Amino acid sequence: MVVAIAPWSVEVQPGKKEVFVPQGDVQIKNAALSDVLADETGRTTIKFTYPSLVADMDEDEEDEEHKSEDGKVTTIVLCSLTPGKIEQASCEIILEQDVEYMFELVGKNPVYLYGNYIDQEPVDQPPIGSDVDSEFDSEDEDAYNLDEVSSDVEVEVDVNEADLEDDAGRFEELEDEEMDEAKPAEKDDKKSLKRPRESDTTEADETKLSKSQKKKLAKKMKAEGGNAAPPPTEKPLEEGRKEEKKQKKDKKETNEKEGEAKGKDSDKKQSRVLEGGVKVRDVKVGNGKMAKKGDRVSLRYIGKLTNGTVFDKNTKGTPFTFTIGAGDVIKGWDIGIAGMQIDGEREVTVPPSMGYGKKKMQDIPANSTLVFEVKLLSIK
């Protein structure tokens with residue numbers, strides 16, 4: 001387990017060998033180029049030299065001793081960094097305390113090495129093979145060594161007579177159950193061979209219980225005291241249904257009233273009286289720019305009298321097209337269609353003075369108020 005204690009870092013300069021003897025165990029985490037570059041394209045390589053601790057297995061012991069005295073070392077390339085390509089690299093290396101290491105930089109750019117001072121040994125756990133473990137093991141062995149204990153030693157056992165009586169009753173109960181299960185079931189008698197629950201046992205069946213069962217039943221009755229509260233009376237189902245129907249009906253009526261009120265408020269808000277008494281009500285507001293005088297518009301419409309009679313309509317085929325304000329249609333349309341947006345739907349009520357006046361036009365009587373349902377398709 002590695003625990004970080006404090007941060008650590010060192011700067012390696014070009015052309016210099018950085019010798020480092022850590023005061024504690026150090027873990028190198030990363031290598032990165034300096035913020036100031038002497039060479040913006042060249043590669044910088046960091047060499048790492050450390051004492052070799054692995055002996056050659058083919059050499060004899062004398063040669064190994066001679067090596068350790070000479071201080072054989074190993075040099076490796078830790079990493080190579082290039083500006084604009086690789087400017088930092090991860091390095092998971094641990095340097096041990098009081099051991100001499102050396103860093104050498106090949107290149108022109110300085111490099112920072114950084115990491116943490118670490119603790120590699122848990123505080124609360126002694127090292128494996130320490131004297132603490134051996135003492136603990138020896139104490140345990142002595143404590144549980146039974147070689148010197150004589151087989152003739154008498155051990156006193158504290159026996160509770162009350163416990164024996166309860167055990168006797170338990171064995172008696174098992175014997176009764178085994179006897180009951182051993183008896184064949186009669187065809188006419190459909191009684192279950194299962195042991196009855198204590199809650200189902202009545203006073204009339206008390207004589208059939210074993211001694212231990214009687215004791216348990218008596219304890220239970222004494223604990224309950226015979227004062228069990230009766231279950232709460234539930235509300236009749238029919239009455240609950242009536243109540244639910246009434247609540248639904250009241251809610252429905254309330255929603256209808258609110259809907260009517262909203263509809264009236266909406267009509268009041270959307271209905272407007274324009275020039276010449278022309279009345280408009282936007283059923284659906286469209287999108288985009290508004291139609292104005294001089295625009296050529298295409299639309300669908302249904303024309304009705306106030307009694308609901310349809311006298312003209314355009315609901316399919318080629319849409320009806322006209323220019324607003326050019327005199328192509330009655331004045332009520334020039335006024336009522338202006339201000340609509342594409343895909344908008346509007347109800348336009350045209351008084352006789354803005355329609356055909358005293359003239360009778362085919363299915364339209366004289367002095368008729370006209371109601372048009374209009375949907376605007378395009379504006380040019």
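Note that the coordinates shown come from a computational prediction; the quantities given were computed from them, not determined experimentally.
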Between NZ on residue Lys380 and CZ on residue Arg296, distance to nearest 0.5 Å: 8.5 Å
Residue among Leu95, Leu113, Val99, Val12 satisfying side chain to side chain contact (heavy atoms under 4.5 Å, CB included) with Phe20: Leu95
Distance-only donor-acceptor check, side chains Tyr114 and Asn30, under 3.5 Å: yes
Backbone N/O of Asp39 and side chain of Asn109: donor-acceptor pair under 3.5 Å: yes
Taking every non-hydrogen atom, the tightest pair across Glu96 and Pro22: O-CG, 3.1 Å
Geometric class of the Tyr301/Phe320 ring pair [parallel <30°, tilted 30-60°, perpendicular >60°]: perpendicular
Pair Thr315, Arg300: side-chain N/O donor-acceptor within cut-off below 3.5 Å: no
Any donor-acceptor N/O pair, Asp250 side chain to Gln247 backbone, under 3.5 Å: no
Arg43/Thr82 under side-chain hydrogen bond (donor to acceptor under 3.5 Å, both in side chains): CA gap, chis, key distance, verdict: CA-CA 5 Å; Arg43 186 178 70 168; Thr82 304; 5.4 Å; no
Side chain Gln97, main chain Gln23, donor-acceptor under 3.5 Å: yes
Nearest-0.5 Å distance that lies between atom OG1 in Thr369 and atom CE in Met354: 12.0 Å
Within one Ile-Leu-Val-Met-Phe-Trp-Tyr cluster: Met102 and Val10, side-chain cutoff 4.5 Å: no
Whether Gln27 side chain and Asn116 backbone form a donor-acceptor pair below 3.5 Å: no
Donor-acceptor contact below 3.5 Å, side chain Asp282 vs main chain Gly286: no
Expected output: side-chain Lys85 to main-chain Glu87 donor-acceptor under 3.5 Å: no
Ile94 vs Gln120, side-chain contact (heavy atoms from CB on, under 4.5 Å): CA-CA, chis, key distance, verdict: CA-CA 10 Å; Ile94 294 178; Gln120 301 189 70; 3.7 Å; yes
Gap separating the CG atom of Leu370 from the CG atom of Leu305, nearest 0.5 angstrom: 7.0 Å
Distance, nearest 0.5 Å, that separates CD1 of Ile379 from CG of Asp295: 6.0 Å
Validation row: Val26, Tyr117 side chains within 4.5 angstrom (heavy atoms): yes
Backbone N/O of Val280 and side chain of Arg346: donor-acceptor pair under 3.5 Å: no
side-chain contact (heavy atoms from CB on, under 4.5 Å) evaluation trace for Leu33 with Val111: CA-CA 5 Å; Leu33 291 174; Val111 174; 4.1 Å; yes
CD1-OH distance between Ile93 and Tyr101, expressed to the nearest 0.5 angstrom: 10.0 Å
Donor-acceptor pair, side chain of Tyr356 and main chain of Ile330, under 3.5 angstrom: no
Transitive ILVMFWY side-chain link Tyr112 to Leu81, under 4.5 Å: no
Verdict with supporting geometry, Met340 and Met290, side-chain contact (heavy atoms from CB on, under 4.5 Å): CA-CA 5 Å; Met340 289 188 68; Met290 293 184 179; over 6 Å; no
Note: Lys331-Asp334 ion pair, threshold 4.0 Å (strictly below): no
Option among Lys246, Arg241, Lys248 that satisfies the salt bridge (charged side-chain N to carboxylate O under 4.0 Å, His left out) test with Glu244: Lys248
Glu40, CD: over 12 other non-hydrogen atoms inside 6.0 angstrom: no
Any donor-acceptor N/O pair, Asn307 side chain to Thr309 backbone, under 3.5 Å: yes
Distance-minimising heavy-atom pair for Gly332 and Val350: CA-CG1, 3.9 Å
Gln341/Asn287 under side-chain contact (heavy atoms from CB on, under 4.5 Å): CA gap, chis, key distance, verdict: CA-CA 5 Å; Gln341 295 171 282; Asn287 301 306; 5.6 Å; no
Hphob cluster co-occupancy, Ile364 + Val329, side-chain heavy atoms under 4.5 angstrom: yes
Distance (rounded to the nearest 0.5 Å) between Leu105 CG and Lys16 NZ: 11.5 Å
